[in-house]
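Throughout, protein chains are lettered first and strands after them, A, B, ... in sequence-line order, and every chain is numbered starting at 1.
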4 protein chains.
Amino acid sequence: MPKVGQEPARRAALVSATISEIGQTGSLDVTVGQIAKRAGMSTALAHYYFSTKDAIFLAAMRHILTEFGRLVRTRMASAVTPIDRLNAIIDASLSREQFADEIVAAWLVFYVQAQHSPEAGRLLRVYARRLHSNMVHNLSMLVPRDRAWDIAEGTASMIDGIYIRHALQDSAPDRPKARALVRDYLRLTLAEIGVRLERAH
Amino acid sequence: MPKVGQEPARRAALVSATISEIGQTGSLDVTVGQIAKRAGMSTALAHYYFSTKDAIFLAAMRHILTEFGRLVRTRMASAVTPIDRLNAIIDASLSREQFADEIVAAWLVFYVQAQHSPEAGRLLRVYARRLHSNMVHNLSMLVPRDRAWDIAEGTASMIDGIYIRHALQDSAPDRPKARALVRDYLRLTLAEIGVRLERAH
Amino acid sequence: MPKVGQEPARRAALVSATISEIGQTGSLDVTVGQIAKRAGMSTALAHYYFSTKDAIFLAAMRHILTEFGRLVRTRMASAVTPIDRLNAIIDASLSREQFADEIVAAWLVFYVQAQHSPEAGRLLRVYARRLHSNMVHNLSMLVPRDRAWDIAEGTASMIDGIYIRHALQDSAPDRPKARALVRDYLRLTLAEIGVRLERAH
Amino acid sequence: MPKVGQEPARRAALVSATISEIGQTGSLDVTVGQIAKRAGMSTALAHYYFSTKDAIFLAAMRHILTEFGRLVRTRMASAVTPIDRLNAIIDASLSREQFADEIVAAWLVFYVQAQHSPEAGRLLRVYARRLHSNMVHNLSMLVPRDRAWDIAEGTASMIDGIYIRHALQDSAPDRPKARALVRDYLRLTLAEIGVRLERAH
DNA sequence: AATGAATGAGCCTTCATTCAT
DNA sequence: AATGAATGAAGGCTCATTCAT
């Protein structure tokens with residue numbers, strides 16, 4: 001019997017190496033060689049597990065999205081009210097894990113990748129849509145449907161914007177401040193409709 | 001007749017070609033050859049005017065930023081109240097010119113470029129800072145300083161987020177809706193402090 | 001039950017797979033992987049049985065040559081006159097088995113292989129020489145020795161040429177026509193010397 | 001003005017290098033690097049003139065076919081009778097230029113290439129068809145049409161066969177002998193129909 | 001006997017950049 | 001000012017071959 005069961009470990013190593021490499025160089029100009037080296041194997045082996053460079057990238061994207069999805073679900077599990085759930089989404093987006101420099105840089109790069117890789121675009125769009133409908137669902141319990149749509153869009157945009165600015169600037173707001181910013185937006189939009197909730201702490 | 005004084009025209013052609021090419025492919029994987037061809041000249045000539053590929057990219061970024069700056073200034077000129085000026089900034093960001101698919105795609109790409117090109121980063125940061133202080137300045141006439149900082153950041157983030165989402169999705173909000181979203185954010189944050197302004201139309 | 005005595009079967013499978021693969025792609029650009037897959041085993045195993053890719057190719061050539069030799073011998077067994085025996089050789093060369101598209105393509109490829117693989121060259125030369133002397137032997141009973149040599153060469157050339165053209169063209173003569181062509185050549189050359197034989201049907 | 005007019009020379013050098021390289025190694029496993037080196041330039045430049053490796057090969061084939069075509073036309077120009085013209089074709093095929101080891105080896109390789117490169121196949125088929133109809137045309141003046149077709153096919157096959165055998169064997173007939181062989185075939189087939197022509201010298 | 005895992009070497013191709021004219 | 005010509009350096013991918021189990 002051959003040396004077996006290496007596949008999951010190797011694939012994981014490659015995915016992780018890809019994210020690190022992209023995150024650190026902050027660009028898509030990452031060679032399979034760099035990735036493989038960081039993952040501790042030859043380029044040939046990288047191609048053995050992922051037939052193509054694009055496949056590696058997609059796997060890395062999928063990993064980040066999945067990780068994020070898992071995080072959202074975890075945080076939402078312990079929430080009871082719709083508002084708690086909305087805040088859970090915000091907090092997950094701006095959690096220590098997701099807001100790590102490396103991850104944020106990778107996100108940005110993937111957004112660009114999505115502009116010309118149909119598959120990457122699909123992936124990102126699916127995630128965005130899911131998140132959106134999740135928010136709309138919870139918002140609908142508090143405000144009219146059409147307003148819910150707007151608020152969800154506004155919240156998501158602000159989060160994405162914070163990401164993009166974080167990737168670029170040192171002077172960008174830190175995690176707590178960023179969270180407060182988004183929570184505040186939510187609070188205000190809801191307050192207008194008459195939904196009262198305590199000030200974001 | 002010697003072809004003299006061609007330099008500005010050639011440079012402009014290259015810059016414009018660069019933006020188009022990047023905007024249309026939605027990526028930085030744009031060769032000097034493609035740019036030169038679109039600009040109607042040889043690669044050698046492109047290198048004659050811009051010593052390096054990076055220089056071309058930087059010039060293109062500079063152009064977009066300058067263009068945007070000009071637009072903001074124009075719109076602000078006819079504004080009288082601080083609020084008018086703030087809305088002018090928002091409107092400039094989401095104007096037909098800036099919100100064109102091609103331009104938005106280019107912006108996104110430049111953000112990524114800024115992650116590993118120090119010069120590009122500096123450029124983008126200067127622009128962001130300028131815009132930020134511009135907003136803070138106007139906001140300070142209406143709300144306390146620290147609050148002004150937050151609102152400026154929130155507004156800018158939302159705009160950037162809208163850009164990023166526009167680049168990716170077909171279902172992203174259109175221009176008028178996007179503008180309403182941001183204006184609304186502004187209105188609400190100000191209203192909380194007691195500043196009353198008419199509802200965004 | 002230990003899988004014992006698998007060797008001959010495995011080798012045969014590989015040889016057959018090699019011929020099919022070469023015959024179908026019509027080129028030497030056949031990977032060990034393709035061959036092994038078609039033979040239903042791993043590349044590693046293919047290398048276990050044949051230490052090297054060249055060895056696989058040589059075995060395949062040897063197989064085709066052997067198969068052809070067997071065919072010639074079989075057909076000649078039931079022939080009585082020299083002319084019958086000569087026709088048997090022609091018929092064997094253009095038999096349904098040998099004239100199959102796949103086999104013809106493989107032949108052609110092996111001819112090329114022989115140009116730079118000394119071993120392959122030797123193999124092919126041995127076969128050619130044997131066939132030649134076989135024909136010369138039979139022809140010598142009918143015509144002078146030097147004439148016999150020429151006729152043998154002419155016949156063999158024509159057959160080889162028919163192969164090459166068959167590999168290339170759809171409009172090449174079909175099997176019966178091809179056989180008639182070669183038999184006719186033989187008949188005419190012999191007739192000139194005074195040997196009379198009935199017209200090829 | 002740039003260093004100009006290099007194109008024809010460079011292309012010719014590459015074509016010639018390709019033929020030499022293929023002819024000498026006797027295989028299609030010839031790298032662009034080898035070709036470029038022999039032609040005295042970098043691989044990049046080779047790709048500058050021929051976008052693709054296949055394009056180089058096709059150009060080489062085209063060159064050989066063109067050269068051969070030219071040779072046939074030249075030889076036929078000084079021929080008066082149909083028989084002279086037929087012999088001119090034979091002689092051209094077995095001329096010193098075409099029968100050079102290198103050229104013959106290249107022919108064989110191209111035949112294989114034609115098996116999986118549609119474009120190469122087309123090229124070779126066009127040439128074969130042209131030669132065939134040329135022969136048929138001349139033969140038709142001497143024998144019935146259907147017989148003409150057969151004789152043309154037989155002659156062409158014999159020539160092709162001689163090539164293939166020449167590529168492989170040292171003991172293959174030399175040029176004069178080869179020519180005599182084919183001319184003899186022609187003489188005999190025609191003689192049968194009653195066309196008398198002097199013995200091939 | 002059998003195979004998944006692993007790799008070094010190599011090939012085609014692209015590209016930014018330079019040079020000669 | 002302008003460009004065809006030229007190249008070094010790299011990158012993605014393939015493949016024969018070997019190894020460990």
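- Among the heavy atoms of the strands lying under 4.0 Å from B:Thr31 are primed sugar atoms or P, OP1, OP2 only; no base atom is included.
- Side-chain nitrogen and oxygen atoms of B:Tyr48 include none within less than 4.0 Å of the OP1 or OP2 phosphate oxygen of F:dA2.
- Shown here for B:Leu65 and B:Tyr127, the closest heavy-atom pair between the two residues is CD2-CG, 3.7 Å.
- In the set F:dG8, E:dT3, F:dG4, F:dG4 carries the atom at the smallest distance from any side-chain atom of B:Ala44.
- Among E:dA5, E:dT3, E:dT17, the nucleotide with an atom closest to any side-chain atom of A:Gln6 is E:dA5.
- E:dA1 is unpaired under the criterion used here, namely a Watson-Crick or G-U wobble arrangement in which both key atom distances are under 3.5 Å.
- Summarising the geometry, the separation between NZ on D:Lys37 and C1' on E:dC12 is reported as 17 Å, rounded to the nearest angstrom.
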Could you go through A:Lys37 and A:Gln34, starting from their C-alpha distance and side-chain angles, then the distance that decides it, and tell me whether this counts as side-chain contact (heavy atoms from CB on, under 4.5 Å)? CA-CA 5 Å; A:Lys37 188 172 191 179; A:Gln34 286 164 27; 5.8 Å; no
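- The side chain of B:Arg10 has F:dA2 as its nearest neighbour among E:dA2, F:dA2, F:dA5.
- Atom C1' of nucleotide E:dG4 and atom CE of A:Met41 are separated by 15 Å, given to the nearest angstrom.
- Atom CG in C:Asp29 sits roughly 13 Å away from atom P in E:dC11 (whole-Å rounding).
- When rounded to the nearest whole Å, the span between CD of D:Glu7 and C1' of F:dT3 equals 14 Å.
- D:Lys53 places its NZ atom 19 Å from the P atom of F:dC13, with the value rounded to the nearest Å.
- A residue-by-residue look at A:Gly33 and C:His47 shows that A:Gly33 has its nearest nucleotide of DNA chain F further toward the 5' end.
- With both pairing distances under 3.5 Å, E:dC15 is matched to F:dG8 as a Watson-Crick or G-U wobble pair.
- Residue C:Tyr49 is classed as a sugar-phosphate contact, given heavy-atom separations below 4.0 Å to backbone atoms only.
- For B:Thr52, whose side chain is taken as the heavy atoms from C-beta onward, the closest listed nucleotide among F:dT3, E:dT17, F:dA6 is E:dT17.
- Listed nucleotides: E:dA6, E:dA16, E:dT3. Nearest to the side chain of B:Val32: E:dA16.
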